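Predicted model, so just to flag it, every value in this text is computed and none were measured.
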Amino acid sequence: MDTDERQRRYDRAADLVADLADRDVIVVAITWVDHSGITRVKSVPLRRLPDAAAHGVGASPVFDAFLLDDSIVAGRHAGGPVGDLRLHPDLDRITVLAGQPGWAWAPADRYDRDGVPHPRDERGFARAMTDRMAVHGYDVRAGFEVEWVVGQPGDDFVPATTGPAYGHTRQVELSDYCADLVAALGEQDVEVLQFHPEYAPGQFELSTAPEEPVRAADTAVLVRETVRAITARHGMRASFSPKVVADGVGNGGHLHVSLWRDGRNLAGSGDAESFAAGVLRHLPGLCAVGCASVASYLRLVPSHWAGAFAAWGVENRETALRVVEGRDLEVKCFDLSGNPYLVVGATLAAGLAGIVDGLRLPEPVSVDPVHVAGVPRLPLSLEEAVRAFEADEVLVEAFGPEFAATLVDVRRGEVARFAGASAEEVARVTRWRH
Ligand code: GLU
Ligand code: MG
C-alpha cells in the first residue's frame with residue numbers, strides 16, 4: 001500500500017464520518033477471525049476512522065497462535081511477543097450495527113507496518129482463492145447457514161424456549177427476539193433467505209443470499225455477531241458451538257457454493273461435477289479447516305444430520321456433500337468453529353484441483369450412509385483431520401507452507417488442551433467461545 005493509496009483511504013473514510021455520525025455511530029469495531037475461529041477486535045472512536053483506514057490499527061501477530069480458550073501455542077512461525085500488524089478496515093463493508101446502538105463494524109485486512117499484506121491474513125487467503133477461480137474463468141457465489149441455540153443466562157445451557165423442533169411455538173415464545181433479529185439484519189443490508197427453529201432444543205437457523213466469497217465470509221461474521229448482540233439485548237445467550245451439550249444434535253455452519261460463468265449458474269455441468277469431486281477428494285484435510293475444534297468431532301457423528309460421511313448425494317442430508325440440483329453444492333460437515341474465510345478459500349482450492357484434474361464424481365449415495373457398507377467416515381478426531389491436512393498437497397500448497405504449519409500448530413494446541421477431557425468437559429469449555 002503506497003502513500004497515494006493511504007491518502008485515498010483517509011479521504012474516503014473522512015467522507016464517511018459525517019454520515020456515520022448522523023446515524024449516531026460513536027465507535028467502530030474492526031474485526032478479523034483468528035485461526036481458532038474466534039472473531040477478535042480492535043475498536044476506534046469514529047473520529048479516528050480516517051487514520052485507521054490509512055495506517056491501520058495495531059494488533060500483534062501473536063493472535064495467529066491463539067487457541068479458543070485464549071491460551072497461546074508456541075508455533076513454528078507464530079506465537080512470539082514481537083512485531084506489529086495493522087488492521088485496515090474495509091470501507092466497502094462498513095456497517096452500522098442495528099443490534100449495538102452507537103456501533104459500526106468493518107472487517108479488517110491485516111497488513112504489516114509497511115503496507116505489505118500479512119501472509120497469514122485470512123481474508124487475503126479467501127480473496128486469493130477467489131482470484132484463482134477467476135483466472136480459470138469461474139465466478140463463485142457462496143453463503144453460510146448459521147445455526148445457534150438460545151439459552152438462558154448462565155454457563156450451563158438451559159434452552160430459552162421449550163417449543164418443539166421446527167415448531168412455531170419457539171417463534172411465539174421468542175416473538176420479539178426473532179422479529180428484532182430479522183429486522184436488524186435487514187437494516188444492515190444482509191439479505192436473509194430463511195429463518196426457522198431447528199432440531200435441537202432452543203436451536204434456530206438463518207440463511208443468507210449467495211454472494212461473492214469474501215463478502216459471504218464477512219456476512220457470516222456479521223450475522224453471527226448480530227445474533228449474539230440481539231440475543232444479549234433480550235437477556236439471553238447464543239451458542240454457536242458445534243456441540244452445545246455432549247449429547248444431541250449440534251450447530252452446523254454449512255457452506256453453499258455455486259460456480260457461474262457469464263451470469264449463468266454452471267450447476268449440473270461437467271465443471272460443477274469436477275469441482276464437487278475435488279471437494280470430495282479433499283474432505284478429510286478440509287475438516288481440519290472447517291471442523292476446526294475438538295468439539296467438532298463430537299458433532300460429526302452419523303444420524304445427527306452433520307454429514308459425517310465422505311460421500312455425496314442428491315438432497316442427502318447425511319452425506320458431507322449435498323447436491324441441490326440446479327442450484328449449488330452444500331458442504332454440510334463444516335461448523336462455525338471454522339474460520340469462514342479459510343473455509344471458503346480452502347473449499348475453492350479443493351474444488352479447483354478437481355476441475356484441473358478433470359475428476360468425476362462416483363455414484364451418489366441415495367440412502368442414509370450408516371446403512372451402506374464401505375462408505376468412509378470423515379476423520380473421527382481433530383488429530384486425524386490434522387494429519388489428513390498435513391498430507392494434502394493441494395491444501396498445503398494453497399495456504400503455503402508457513403500458513404499451513406501455523407494452522408496445524410493451532411489445531412494441535414487445541415488437541416493437547418483437551419487431552420483426556422470428557423465430552424462434557426469439551427462441550428463446556430467450547431460452549432460460549434465461538
Ligand atoms: N444441526 C445439523 C448440523 O449439525 C444440521 C441440520 C440440518 O440443517 O440439516 O449440521
Ligand atoms: Mg439446519
Does the distance from a Lys or Arg side-chain N to an Asp or Glu carboxylate O, for [X] and [Y], drop under 4.0 Å?
X      : Y      : result
Asp51  : Arg48  : yes
Glu390 : Arg412 : yes
Glu414 : Arg411 : no
Arg387 : Glu384 : no
Arg317 : Asp368 : no
Glu122 : Arg110 : yes

From [X] atom [atom1] to [Y] atom [atom2], the distance as rounded to the nearest 0.5 Å:
X      : Y      : atom1 : atom2 : answer
Thr208 : His256 : OG1   : NE2   : 9.5 Å
Leu181 : Thr231 : CG    : OG1   : 7.0 Å
Leu378 : Tyr297 : CG    : OH    : 8.0 Å
His136 : Asp271 : NE2   : CG    : 11.0 Å
Arg264 : Asp139 : CZ    : CG    : 12.0 Å
Leu348 : Phe125 : CG    : CZ    : 8.5 Å

In the structure I gave you, are the side-chain heavy atoms of [X] and [Y] within less than 4.5 Å of one another anywhere?
X      : Y      : answer
Asp189 : Thr95  : no
Glu318 : Val370 : no
Val227 : Leu206 : no
Leu329 : Ser258 : no
Arg224 : Leu336 : yes
Ser241 : Ser337 : no
Pro107 : Arg123 : yes
Arg120 : His35  : yes

Response to the item:
Residues passing the side chain to side chain contact (heavy atoms under 4.5 Å, CB included) test with Glu424, sequence neighbours excluded, are Ala246, Ser422

Worksheet item: Who passes side chain to side chain contact (heavy atoms under 4.5 Å, CB included) against Ala14, sequence neighbours left out?
Response: Pro50

Item to complete: Evaluate side chain to side chain donor-acceptor pair (under 3.5 Å) for Asp335 paired with Ser296, printing each intermediate quantity in order.
Response: CA-CA 7 Å; Asp335 65 65; Ser296 298; 2.7 Å; yes

Does atom [atom1] of [X] have more than 12 heavy-atom neighbours, drawn from other residues, nucleotides or ligands, at distances under 6.0 Å?
X      : atom1 : result
Asp156 : CG    : no
Glu191 : CD    : no
Asp70  : CG    : yes
Glu393 : CD    : no

Determine, for [Y] and [X], whether the Lys NZ or Arg CZ falls below 6.0 Å from the six-membered ring centre while staying within 45 degrees of the axis.
X      : Y      : result
Arg431 : Phe157 : no
Arg237 : Trp432 : yes
Arg40  : Phe66  : no

Item to complete: Quick one: do Val323 and Trp312 satisfy side-chain contact (heavy atoms from CB on, under 4.5 Å)? Show the steps, please.
Response: CA-CA 7 Å; Val323 169; Trp312 76 283; 3.4 Å; yes

Fill in: side chain to side chain donor-acceptor pair (under 3.5 Å) evaluation trace for Gln188 with Thr226
CA-CA 9 Å; Gln188 294 171 180; Thr226 304; 2.9 Å; yes

Atom of [X], atom of [Y] and distance for their closest heavy-atom approach:
X      : Y      : result
Ser43  : Ala29  : OG-CA, 3.5 Å
Cys287 : Leu300 : SG-CD2, 4.4 Å
Ala398 : Ala349 : CB-CB, 3.6 Å
Val149 : Pro201 : CG1-O, 3.7 Å
Ala350 : Leu286 : CB-CD1, 3.9 Å
Asp121 : Ala108 : OD1-O, 4.4 Å

Discussion item. Run Ser239 and Trp148 through side chain to side chain donor-acceptor pair (under 3.5 Å) and show every step you take.
Written reply: CA-CA 5 Å; Ser239 170; Trp148 73 97; over 6 Å; no

Worksheet, complete the sentence: Exactly one candidate in Val429, Leu382, Asp69 meets side chain to side chain contact (heavy atoms under 4.5 Å, CB included) with Phe418; the answer is Val429

Indicate, with yes or no, if the rings of [X] and [Y] have centres closer together than 6.0 Å.
X      : Y      : result
Trp32  : Tyr341 : no
Phe399 : Phe389 : yes
His88  : Tyr111 : yes
Tyr199 : His304 : no

Discussion item. Any donor-acceptor pair under 3.5 Å linking the side-chain atoms of Thr219 with those of Glu211?
Written reply: yes

Item to complete: Dump the intermediate steps for salt bridge (Lys or Arg N to Asp or Glu O under 4.0 Å) on Glu212 and Arg141, then the final yes or no.
Response: CA-CA 5 Å; Glu212 181 278 329; Arg141 293 283 168 269; over 6 Å; no

Item to complete: Ignoring hydrogens and angles, tell me if any N or O in the side chain of Lys42 forms a donor-acceptor pair with the backbone of Thr31 under 3.5 Å.
Response: no

Discussion item. Main chain of Ala427, side chain of Thr430: is a donor-acceptor contact present, judged purely on distance under 3.5 Å?
Written reply: no

Fill in: From CA spacing to verdict: salt bridge (Lys or Arg N to Asp or Glu O under 4.0 Å), Arg127, Asp109
CA-CA 11 Å; Arg127 192 175 298 117; Asp109 293 309; 3.2 Å; yes

Item to complete: Tell me, with the steps shown, if Val365 and Phe309 meet side-chain contact (heavy atoms from CB on, under 4.5 Å).
Response: CA-CA 10 Å; Val365 174; Phe309 291 89; over 6 Å; no

Practice prompt. Take Ile38 and Val33, measure what side-chain contact (heavy atoms from CB on, under 4.5 Å) needs, and give me the verdict at the end.
Written response: CA-CA 5 Å; Ile38 290 181; Val33 183; 6.0 Å; no

Discussion item. Please evaluate residues Val57 and Arg86 with respect to the criterion side-chain contact (heavy atoms from CB on, under 4.5 Å), reporting the C-alpha separation (whole Å), side-chain torsions for both, the decisive distance (0.1 Å), and the verdict.
Written reply: CA-CA 5 Å; Val57 178; Arg86 313 298 300 179; 5.5 Å; no

